[in-house]
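Since we're looking at a predicted model, the values are computed, not measured.
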Amino acid sequence: MSDAERLGQTLVWLCGIASPTGEEGALCAALGERLGGVGLAAPVRRYASSLVVPVTRGTTGPRLALCGHLDVVPVEHDGPVRVEGDRLYGPGASDMKAGLALMLDLVEHDLAACAGVDLSLVFYAREEGPYLENELELVLGRDPELGSVELGVCLEPSDNRLSLGACGSVHAELVFHGRAAHSARPWLGDNAIHQAGALLSELGALPVRETIVDGLRYRTVTSATMAEGGRARNVVPDRFTLNLNHRFAPSESIEDAQRAIEQLVAGRAQITWRDLCPAAPPRSDHPLVAALAAAGVEGVDAKQGWTDVARFAQRGVPAVNFGPGLCAQAHQRNEWASLTKLEHGRTILARFLRAVGAGA
C-alpha cells in the first residue's frame with residue numbers, strides 16, 4: 001500500500017479508540033502494547049496515562065523528543081470513523097491524532113530515519129484540560145532522560161507549518177457582587193449583571209495589540225468567554241460571574257498579564273486566577289529549529305495559541321510546534337484530517353531527522 005494509505009490506517013486505528021480528556025487509559029494501553037513489538041532501544045515507560053518511548057540510543061546525534069497528547073475534545077460526528085477521498089473523519093483526527101499517527105509510523109516503518117539521533121516519543125494525557133492537570137508536567141518531572149533533550153517537537157496541528165513560540169494564556173474569574181431584590185422593585189437591590197456592563201463595553205472596544213518577537217507577529221487579546229448570573233427570572237441578581245481569557249505575547253510574563261487584567265478590572269470585580277499558562281519564546285535562532293525550517297515545512301509563523309512548547313521552555317528546553325493536522329479543524333464537529341498533509345508531514349519530519357542525524 002502507499003504511504004498515505006498506511007498512515008490512514010494508523011489514523012483510523014487511533015481515532016477508533018475513544019480518548020476524551022481524563023479517559024486516555026485505553027489508548028495509552030493500546031499504544032504500549034502496539035509499540036512493544038517494535039525494535040526499540042529500551043522498554044516503554046508509563047507514567048499514569050502517559051508513555052515515554054525510547055526509540056534510539058547511543059548515537060552522536062542530538063537528543064530529540066517528539067511529543068503528542070492522547071486526549072481529544074469531545075465533539076459530535078455524523079457517522080463513524082471513515083475515509084472519504086483525501087479526508088479522514090474521526091474524533092481528534094486533526095487535533096491531534098494525525099500527529100500521533102506520524103510519530104507511530106516513523107518507529108514502525110522508518111527506524112532508519114531515526115538512526116542518527118537520540119530519539120524519544122512522548123504520548124501524554126490531559127493536554128486539553130487545566131494547565132496543572134496536564135500529564136506532560138508529570139512525565140518531564142519523573143522521566144530520567146527527558147531533562148537533557150535538546151529540542152522538543154510538539155506535533156500539534158499546524159498545517160505542516162513550523163509554528164514558533166506560543167502566546168501565554170491567563171484565565172481569570174471575575175465576580176461582581178450586588179444585592180438581590182424583586183424585579184418589580186429593582187431600586188431596592190443592586191443588579192450585579194448591570195455592574196458588569198461598563199467593563200463588557202470596554203472589552204468589546206479593546207484593540208488587538210501586536211508585538212514583534214524575533215521577526216514574528218504575536219497578538220495580545222482579551223475576551224470574556226463565559227458568563228453566569230441570576231437565580232430566577234423575577235429576581236435582581238446579587239452575583240454575576242465572568243471568565244476572562246487574556247492571551248499575551250512571549251515578550252510578557254504571567255505577572256505582566258495579571259497586572260494587565262488588574263488594571264482593566266480596576267477594582268470593579270473580585271478576581272480569582274483560574275489558569276496561568278506561560279508564554280514561550282520562538283527560538284528561531286537555534287540550529288535545530290533552523291534545520292527543521294529547512295526540511296521543507298510549508299511556512300514559518302508565530303503560534304498564536306498556547307501549547308506545551310511553553311512547558312518545555314520553562315525548563316530551558318527549546319521546543320517548536322509542527323504537525324500535519326489542520327488548525328481550522330481543531331475541536332470542530334465532524335473533524336477531519338488530510339491524508340495528503342499527513343503524508344507530506346511524515347516526509348518533512350523524516351528528512352529533518354536524517355539531516356540532523358547526519359550532522360547537517
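Remark: the backbone N or O of Ala184 is paired with a side-chain donor or acceptor of His182 at under 3.5 angstrom. Counting only distance, with no hydrogens or angles, the side chain of Arg57 and the backbone of Thr59 share no donor-acceptor pair below 3.5 Å. Side-chain atoms of Asp275 come within 3.5 Å of backbone atoms of Tyr131 as a donor-acceptor pair (strictly under, hydrogens ignored). Panel note: side chain Gln304, backbone Arg219; a donor-acceptor pair is recorded below 3.5 Å. A distance-only check finds no donor-acceptor pair linking the side chain of Ser163 to the backbone of Ser158 [under 3.5 Å]. Thr241 contributes no side-chain N or O that, together with a main-chain N or O of Val175, makes up a donor-acceptor pair within less than 3.5 Å. A donor-acceptor contact shorter than 3.5 Å is absent between the side chain of Asp214 and the backbone of Leu216. Within the 3.5 Å criterion, the main-chain N or O of Trp273 finds no donor-acceptor partner in the side chain of Glu173. For Glu76 (side chain) and Arg333 (main-chain N/O), no donor-acceptor pair under 3.5 Å exists by modelled atom type.
In this model, a donor atom of one side chain and an acceptor atom of the other lie less than 3.5 Å apart for Thr340 and Asp86. A side-chain donor-acceptor contact under 3.5 Å links His331 and Glu128. A side-chain N or O of Asp190 and one of Gln195 form a donor-acceptor pair less than 3.5 Å apart. Between the side chains of Asp308 and Tyr124, at least one donor-acceptor pair of N or O atoms lies under 3.5 Å. Defined by atom type and a distance below 3.5 Å, a donor-acceptor pair is present between the side-chain atoms of Lys97 and Ser19. Under 3.5 Å, the side chains of Asn245 and Ser169 contain a donor-acceptor pair of N or O atoms. For the 3.5 Å distance criterion, the side chains of Asp143 and Tyr47 qualify, holding a donor opposite an acceptor. Counted by atom type alone, His177 and Asp238 present zero donor-acceptor pairs between their side chains at under 3.5 Å.
The side-chain heavy atoms of Val317 and Leu140, taken from C-beta on, include no pair separated by under 4.5 Å. With contacts defined as side-chain heavy-atom distances shorter than 4.5 Å, the pair Leu244/Leu203 qualifies. Annotation: side chain of Leu164 is in contact with side chain of Val300 (closest heavy-atom distance under 4.5 Å). Using a 4.5 Å heavy-atom threshold, the side chains of Leu64 and Phe352 count as touching. Taking the side chain as every heavy atom from C-beta outward, Phe248 and Asp256 never approach each other to under 4.5 Å. Taking 4.5 Å as the limit, some side-chain heavy atom of Met103 sits within range of a side-chain heavy atom of Leu100.
Counting all heavy atoms, side chain and backbone alike, Arg351 lies closest to Ala295 at NH1-O, 2.5 Å. In this structure, Val38 and Val107 approach most closely via the heavy-atom pair CG1-O, 3.4 Å. Taking both residues in full, the closest heavy atoms of Gly345 and Phe322 are given as O-CE2, 4.0 Å, listed atom of the first, atom of the second, then distance. Contact between Ala125 and Ser50 at its shortest, heavy atoms only, is N-OG, 3.0 Å. When every heavy atom of Val356 is checked against every heavy atom of Ala291, the shortest pair comes out as CG1-CB, 3.7 Å. In this structure, Gly165 and Tyr218 approach most closely via the heavy-atom pair CA-OH, 3.8 Å.
Here Arg6 does not pair with Glu108 in a salt bridge; the nearest charged N to carboxylate O distance is not below 4.0 Å. Salt-bridge annotation for Arg346 and Asp3: absent, with no side-chain N of the basic residue lying under 4.0 Å from a carboxylate O of the acidic one. Using a 4.0 Å cut-off between charged side-chain N and carboxylate O, Glu202 and Arg268 make a salt bridge. Remark: Arg63 does not engage Glu150 in a salt bridge, criterion side-chain N to carboxylate O under 4.0 Å. Comment: Arg311 does not engage Glu127 in a salt bridge, judged by the lack of any side-chain N to carboxylate O separation of less than 4.0 angstrom. In summary, Arg239 and Glu228 do not engage in a salt bridge, as defined by a charged side-chain N under 4.0 Å from a carboxylate O. Between Asp301 and Arg217 there is no salt bridge, since none of the side-chain N atoms of the basic residue sits less than 4.0 Å from a carboxylate O of the acidic one.
We find the CG-CG distance between Leu7 and Leu342 to be 4.5 Å, quoted to the nearest 0.5 Å. Atoms CD1 and CD, from Ile348 and Glu343 in turn, are 11.0 Å apart once rounded to the nearest 0.5 Å.
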Legend entry - Chi angles and distances behind the salt bridge (charged side-chain N to carboxylate O under 4.0 Å, His left out) call for Glu137, Arg315: CA-CA 10 Å; Glu137 185 70 25; Arg315 295 174 175 269; 3.0 Å; yes
Inset, instruction - Please lay out, stage by stage, how His171 and Asn243 fare under the test side-chain hydrogen bond (donor to acceptor under 3.5 Å, both in side chains). - result: CA-CA 7 Å; His171 287 273; Asn243 185 82; 3.1 Å; yes
Inset, instruction - Tell me, with the steps shown, if Asn321 and Thr307 meet side-chain hydrogen bond (donor to acceptor under 3.5 Å, both in side chains). - result: CA-CA 8 Å; Asn321 305 285; Thr307 74; 2.6 Å; yes
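Taking the six-membered ring where the residue is Trp, Phe240 and Phe176 present tilted rings, their angle falling between 30° and 60°.
More than 12 heavy atoms of other residues, nucleotides or ligands shown are found within 6.0 angstrom of CD on Glu210.
For the salt bridge (charged side-chain N to carboxylate O under 4.0 Å, His left out) with Glu252, the lone residue among Arg259, Arg247, Arg209 that qualifies is Arg209.
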